[in-house]
Amino acid sequence: MAPSRTAPDPAEHDGVVIPPDHALAWLVVGAVGAITAIWLVLPGVVGMAAGSVAHLKGHRLGMPVAVVAGITTIVGMALAFWVRA
């Protein structure tokens, strides 16, 4: 007999219920933003926001992706200033 698949309970943050739908999609968007932040700054900001949304939706890798996106954004900005100097 196959195990029944039930959706996890929605997380509650400060009284606001956040459904866990599409948490993996937000995580992938955040990871792509973190990778492309080396060359462009705006995807890093998008990666930080998407990683935070994935974290709020309950994915365990959401916050690490947001942090990595922030770090790669800073590295990308430093490289841009170094190349243009």
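All of these numbers come straight from a predicted model, not from anything done at the bench. Basis for what follows: all heavy atoms, side chains included, without hydrogens, waters or symmetry-related copies.
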Report, one line per pair, each donor and acceptor closer than 3.5 Å where one atom sits in a side chain of residues 30-53; sequence neighbours left out.
| from | atom 1 | to | atom 2 | distance (Å) |
| --- | --- | --- | --- | --- |
| T36 | OG1 | V32 | O | 3.0 |
| T36 | OG1 | G33 | O | 3.4 |
| S52 | OG | M48 | O | 2.9 |

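- In this structure, K57 and W26 have side chains that are in contact, with non-hydrogen atoms separated by less than 4.5 Å.
- Follow the hydrophobic side-chain contacts under 4.5 Å out from V65 and you reach L24 in the same cluster.
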Cut-off 3.5 Å, no hydrogens considered: what does the side-chain donor-acceptor table look like for residues 77-85, sequence neighbours left out?
none

